[in-house]
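Read the structure below first, then the notes.
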Amino acid sequence: DGVEVRHKYLWNNSGYVLPSKYKGYDVWQGPGNVGVWARFLPCLEYQGVDYYAVFDDDTIPGHRFLKVACDLLDGVGGNHLVAATGVVFLSGWRDEREYVGPNNDSTRDLVCVVDVPGHAWVFSREVLLEWAAMYKHTVPHYSTCGEDYMLARAVQKLGGWCIVPKYPLN
């Protein structure tokens, strides 16, 4: 898709022996289970990249998602985040909401700004470092605070948006 991927890694919380199809990936063995946060921690080790892309193990976005995400971030500049899915709160906190992403056939502009980004995330180092600063205060409570909300807050603190690209109906 025209996106250079410099590093591929897997976070292995479980200690399972991984299948050979993952040769060429850096495998990070977790000393313990830190829940959903684990997938973001290795990003801190990789510097000198334009963007970080983290994929949830249960969501594979469209085959051009990474290219679209990088192009969007290049186009809007600043400290934004592109996600595969998202939630828009329509009236108040957690009351009415709209889910945005695949399987949503609503007509909307090219992109949708969301309150909570989910399932696959592409972001800059600045967003990562802001998230990391908040993470160290949140770890003891990781089971009650999701990574999607924390990423949204990091982006907001930097004055950015969480964006979900429009998915083709096919």
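Below, each value reflects all heavy atoms present in this structure, side chains not excepted, and no hydrogens, waters or symmetry copies.
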Pairwise distance CD(Glu98) to CG(Asp115) - rounded to 0.5 angstrom: 10.5 Å

Gap separating the CD1 atom of Ile163 from the CG atom of Leu73, nearest 0.5 angstrom: 6.5 Å

Under a 3.5 Å distance rule, please check whether Arg125 uses its side chain to pair with a backbone N or O of Gly48 as donor and acceptor. no

About how many Å separate NE2 of His119 and CG of Asp148, when rounded to the nearest 0.5 Å? 8.0 Å

Taking only residues two or more places apart in sequence, or in another chain, which ones meet Asn79 in a side-chain contact (heavy atoms from CB on, under 4.5 Å)? Ser124, Glu126, Val127, Leu158

Using the test side-chain contact (heavy atoms from CB on, under 4.5 Å), find all partners of Val113 that sit at least two apart in sequence or belong to another chain. Trp161

Between Gly86 and Val164, what is the shortest heavy-atom contact and its length? N-CG2, 3.8 Å

Nearest non-hydrogen partners of Cys43 and Tyr52, listed with the distance: O-CE2, 3.3 Å

Smallest heavy-atom separation, Val88 atom then Cys112 atom, equals CG2-SG, 4.2 Å

Close side-chain approach of Leu72 to Val68, heavy-atom, < 4.5 Å: yes

Side chain to side chain contact (heavy atoms under 4.5 Å, CB included), that's the test. Do Val87 and Val100 meet it? Break it down for me. CA-CA 6 Å; Val87 174; Val100 179; over 6 Å; no

Please tell me whether Phe123 and Trp131 form a close aromatic pair, meaning their ring centres lie under 6.0 Å apart. no

Under the salt bridge (Lys or Arg N to Asp or Glu O under 4.0 Å) test, residues paired with Asp71 that sit two or more places apart: Lys67

For residues Phe55 and Ala120, report the shortest heavy-atom separation together with the two atoms involved. CD2-CB, 3.6 Å

Rounded to the nearest 0.5 Å, what separation is found between the CG atom of Leu128 and the OH atom of Tyr46? 12.5 Å

Shortest non-hydrogen separation from Ala83 to Trp121 and the atoms involved: CB-CD1, 4.4 Å

Hey, mind stepping through Leu66 and Val122 against side chain to side chain contact (heavy atoms under 4.5 Å, CB included) and telling me if it holds? CA-CA 8 Å; Leu66 190 55; Val122 181; 4.1 Å; yes

SG (Cys70) and CZ (Arg64) are apart, to the nearest 0.5 Å, by 11.5 Å

